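We name chains A, B, ... by the order of the sequence lines, and we start the count at 1 in each one. Given the structure is predicted, the values throughout are model-derived calculations rather than measurements.
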Amino acid sequence: MSDLTTRDGASAPDHGHGHGNGDVPADDLARPLYEGPGALPAADIPHRPRRSDFDPKAARRAERQVAGLFLLSMLMVVLFVVAYIAIDPQADIYIPVFGEIGYMNFALGLTFGLGVFCIGAGAIQWAKKLMPDVEVVQERHSLASTPHEDVETAEQYERGKEESGFAQYKVIRRTLIAALALFPIPLVVMLRDLWTPTDSAAGLSPAEQLSTTAWVEGMPIVTDGTYVKIRPEDIPVGGLVSALPEDIEEIQKAEHNLNARGKAAIILVRMEPDEIRAQQGDGWDYQGILAYSKICTHVGCPIALYEHRTHHLLCPCHQSTFDLADAGNVIFGPAARRMPQLPIGVNEEGFLVAKAPFAEPIGPSFWERG
Amino acid sequence: MSTTEKVGESVATYVDQRVGSNRFLGRSLKKVFPDHWSFMLGEIALYSFIIVLLTGVFLTLFYKPSMIEVVYDGSYVPLKGVMMSEAYASTLDISFDVRGGLLIRQMHHWAALLFIAAMAVHMFRVFFTGAFRKPREFNWVIGIGLVTLGLGAGFSGYSLPDDLLSGTGLQIARGIVQAIPIIGTWAAFLLFDGEFPGTEFISRLYGVHILLIPGLILALVTVHLMMVWTQKHTQFPGPGRTNDNVVGYPLMPIYMAKAGGFFFIVFGITALIGGLVTINPIWIFGPYTPDQVGAGSQPDWYIGWLDGALRIFPNIETVLFGFTISWNIFIPSVIIPGIVFTVAALYPFLEAWVTGDKRNHNLLDRPRNAPTRTALGVMAITFYVLLFIGGGNDIIAITFDLSINSIIWFLRIAVIVLPPIAFLVTRRICIGLQRRDREKLLHGYESGRILRLPHGEFIEVHEPLNVKDRAVLESAIEAYRAPLPAPERVDANGVANKHYRIDVIRYKLSRWFYADDIVPPTRAEIDAGQAHVSHDAALEAPLHAYDEDETVMVPFHGGVLHTAGEPATNREQLEERGGNLYLHTIDPSSAPATPRCRGARHSSEALLELLGSESSALPQGADEEKFRRDQFVTRPSRPLASGHAPLVGLRCRDGPCGSGTALRARGSHGDSRRGGAGRQRRRRRADGSSARIGSRGERQPRGGRAHHRQPHRRGHPRGPQRPLPCRRSSRRNGPRPNLHLGLHPARRDIARRLVPGEPEVSTPA
């Protein structure tokens with residue numbers, strides 16, 4: 001299609017002019033298609049010809065390479081379809097370096113990837129070896145409008161201002177601006193119902209909701225996962241148990257969410273009673289068993305990395321460290337507040353229960369927390 | 001014209017009559033794009049975004065954005081019968097039950113990581129080369145917007161599978177929102193429809209992830225590309241490249257093939273990675289529940305620095321009038337990123353204000369020519385990297401058996417101390433490089449060859465800059481600006497300057513910005529310096545023994561840009577190819593005149609003329625054509641008319657040889673490759689003269705330079721001396737191909753004839 005760019009009027013196709021009516025003046029065809037600075041002179045800079053420029057053998061070799069890559073791409077597409085149909089999706093395959101991976105995923109990825117890659121590699125090889133590697137020069141033009149255009153724009157603006165009377169009718173102008181300022185308000189107001197309190201939480205403000213958990217006085221403590229009640233002797237010294245309130249499953253069923261679980265999760269740790277240096281309330285432990293919230297006071301990750309010798313609890317997300325033997329106080333890291341403690345005891349059947357709800361909101365800080 | 005083309009033409013006409021497309025196409029198809037590897041970074045970002053869109057559409061067909069609890073009943077056995085959200089169950093189905101689903105999901109994730117990485121590196125390229133300067137400030141701001149949206153797209157996508165890891169990320173995000181003073185609690189409740197985790201967030205996030213953010217990215221990318229199109233691409237300094245032109249390849253066909261092909265390459269590599277390398281194996285993490293977490297939880301890499309900031313920030317919290325302000329969360333995760341992105345977006349305007357620079361910049365800066373900007377960039381990167389390290393502090397502590405507490409304390413201090421140090425060091429390095437550039441411009445390259453002049457003085461021969469290097473180095477002249485002048489309280493008319501205080505600040509910042517910049521030499525000084533260099537070289541001329549006027553296209557580091565008989569420049573090649581591939585006319589006066597390399601332009605005929613009659617020069621039985629070609633690359637030592645004793649260093653393929661006198665005087669090119677006279681080895685020869693012992697045939701050359709030392713490429717269609725690529729400046733003084741005579745043992749007799757009175761060429765035993 002080199003005739004698109006030659007100046008040869010005879011071979012210049014008329015569609016380049018955008019005239020469809022056929023009465024193109026003869027001298028129009030004789031004119032260059034794109035006049036002026038659009039012409040592209042070759043840059044007169046040192047140039048190193050490629051082998052395929054002067055060696056026909058090399059050029060033919062490049063041609064074969066390009067076509068070969070395109071052929072390989074087609075082959076890969078065929079193989080892709082074969083693999084899609086033939087391979088068992090559940091089969092695994094061992095590939096050195098990559099290990100045991102899904103056979104189908106491997107085969108599909110390999111064939112599809114190579115199929116696509118070869119198209120690209122062929123195109124680039126074509127461009128690099130067979131298309132001219134002559135750098136050309138194009139002039140840049142000023143992006144700014146000419147003074148004439150500036151003046152015209154200003155005139156049009158002034159005309160519009162005059163005709164509309166925008167400057168003249170002060171009241172109209174001001175009321176319009178005020179109206180435009182107010183009209184987004186409904187759009188914002190309507191966002192209010194992004195949060196609709198559930199029945200159980202009706203009438204509670206966000207801060208109140210964040211401050212309450214499922215723990216109430218006498219609530220039995222059950223293990224996380226198996227939901228069995230715990231006796232004090234089930235927990236060895238140095239042990240840690242993740243636990244929940246007994247009715248957590250019922251709450252989840254009723255509310256259809258995990259919100260209560262996210263607040264009520266606790267950990268139980270047992271240490272020798274004389275190792276406990278401080279607690280958040282007198283006698284909140286039971287025979288050296290302490291119950292702390294599991295939700296980090298930093299940004300709310302559940303914590304269960306416990307080192308029983310030092311009684312340190314480490315958050316896996318941001319490495320806040322709490323000392324459970326010392327009232328759950330922060331000893332390192334970005335968390336600013338201690339882990340809330342749950343006072344526990346045993347009921348008449350000998351199972352561990354909460355003696356009272358949490359005395360302070362659990363989890364991350366919030367504005368109204370105080 | 002083929003039938004297809006005819007159809008295409010009538011379609012083009014049909015469309016053109018309705019939208020006028022041919023005018024646009026005609027102009028566009030020849031649009032020139034400059035070539036540089038770093039310009040592909042933005043392309044990678046664009047292409048990976050397209051891949052993300054394509055794979056993402058596939059995923060939407062199978063993914064269910066719902067947090068309704070279901071019992072898993074798919075083919076992944078370990079989770080059979082487990083309660084989980086529909087989102088997680090459908091992600092498992094995509095991974096195990098939809099054929100090719102895992103491939104697409106992994107491609108989606110890998111391409112997303114690549115998208116953000118490519119944007120980041122593209123941003124560095126634009127920053128360090130000053131491509132954000134007038135007229136491209138808006139595009140920089142759009143770019144920052146794209147990076148921000150990219151982070152949002154990545155994080156929202158990361159959270160959709162509703163596995164344990166993504167839920168943990170959401171929990172942290174919730175904690176961050178809750179920490180915003182005054183509005184935080186309400187904002188969190190509105191976003192999550194109540195408490196965490198709720199049942200709405202995944203479906204809300206889904207809309208954001210598949211519609212809002214990609215829509216915005218698509219819109220911004222479109223504007224970004226349109227601006228690149230309108231403003232034309234920037235280019236690096238080089239021969240023929242000015243602030244007012246673009247030198248490169250036209251869109252049709254070369255750039256189209258290269259860029260289009262590159263899309264397929266990025267796509268193909270993403271698919272290969274997606275097939276081979278597992279990413280985000282959500283089936284291992286299990287479904288999300290708010291009371292569990294995996295140890296070593298890590299976000300995707302692009303969130304790492306924000307997580308790092310959150311990890312290393314000291315635990316400061318204030319309770320004021322009964323309200324809690326969590327500085328420990330609010331500052332690192334809201335204020336710091338806010339400042340980082342705002343400052344980044346405003347940087348072009350800040351720099352323009354400080355420098356008072358109102359010029360258009362289409363020619364890129366070399367980073368060294370803007371030391372303060374480069375140093376600021378390195379400072380920012382240092383800050384980023386330290387925070388990123390903070391994001392992996394637990395992994396680092398475990399891997400290297402370090403105390404997590406000491407890592408955090410180190411980072412808390414380092415994040416304040418190290419960036420300024422990086423700033424100072426970078427700026428000094430840049431200024432040092434500027435100083436070296438100035439030396440090179442004025443004095444050329446150090447050749448490592450010592451020349452003894454007739455009156456006994458020893459000088460080191462310097463070599464003139466080649467045309468490419470000179471154009472690159474001379475860009476310092478345009479880049480250099482003096483600081484702003486000091487403001488005056490009262491102007492010449494006695495009117496007080498109302499902005500005096502601001503002007504003083506600006507003046508001081510400007511002085512700081514340009515502090516210690518090396519003033520580049522003027523063009524006149526450079527010309528004078530290069531003339532001096534040429535004068536030195538002329539002193540050496542009897543040793544080179546070739547005529548300066550008839551020179552080969554040999555740049556002075558020795559790489560051959562051009563072999564005689566082949567087109568020397570773009571334009572010559574174009575003419576050879578039949579001319580008007582791209583142009584209507586070639587107006588020689590319109591093209592910038594660029595100095596050519598000096599060097600002998602010997603045709604084979606000229607050489608044969610020099611050697612005597614063709615028949616006598618041609619060895620018995622030699623292939624004549626090949627013989628002629630081989631001769632191009634020999635630099636003939638022509639008996640000089642003025643009666644100088646023609647001195648020439650001869651090197652043989654199978655050992656050192658040559659004139660001791662000449663070699664002592666100047667060394668040879670062959671040896672100057674070794675990096676200077678000091679490292680050259682000499683061996684006493686039997687006749688008492690000192691001759692260089694060439695490495696060839698005796699020692700293997702160091703490093704990867706073996707190919708320069710190949711004495712011949714026998715049988716090569718263009719003769720033994722292939723044009724060598726221009727080396728980077730750091731190696732300019734080093735390798736130099738052997739251009740001397742006598743390479744071919746069969747033609748030693750020619751060499752002898754050329755150099756009357758030379759000692760016999762000897763080959764060491």
Where does [X] contact chain B at under 4.5 Å (heavy atoms): side chain, backbone, both or neither?
X	result
Lys263(A)	side chain
Leu244(A)	side chain
Gln209(A)	both
Pro206(A)	both
Arg337(A)	side chain
Val330(A)	side chain
Leu108(A)	both
Leu143(A)	side chain
Ile85(A)	backbone
Phe106(A)	both
Asn105(A)	both

> For Cys317(A), which residues count as a disulfide bond (SG atoms under 2.5 Å apart) partner, sequence neighbours excluded?
Replying inline: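 Here the qualifying residues are Cys301(A).
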Show me the donor-acceptor pairs, under 3.5 Å and distance only, between side chains in residues 253-277 of chain B and residues at least two apart or in other chains.
unit_1    : atom_1 : unit_2    : atom_2 : d
Tyr255(B) : OH     : Glu43(B)  : OE2    : 3.2
Lys258(B) : NZ     : Asp35(B)  : OD2    : 3.3
Thr270(B) : OG1    : Val266(B) : O      : 2.6

> So which part of Thr230(B) gets closer than 4.5 Å to some heavy atom of chain A, the side chain, the backbone, both or neither?
Replying inline: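 Answer is both: backbone and side chain atoms of Thr230(B) are under 4.5 Å from chain A.
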> Side chain, backbone, both or neither: which part of Pro135(B) has a heavy atom under 4.5 Å from chain A?
Replying inline: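 Looking at Pro135(B), just its side chain touches chain A.
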> Pick from Ile119(A), Asn257(A), Thr111(A): which one has the most heavy-atom pairs with chain B under 4.5 Å?
Replying inline: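 Ranked by heavy-atom pairs under 4.5 Å with chain B, first place is Ile119(A).
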>> Can you see whether Tyr84(A) has Arg99(B) sitting over its ring - NZ or CZ less than 6.0 Å from the centre and within 45° of the normal?
In response: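 Positive - Arg99(B) is close enough to the ring of Tyr84(A) and near enough to its axis.
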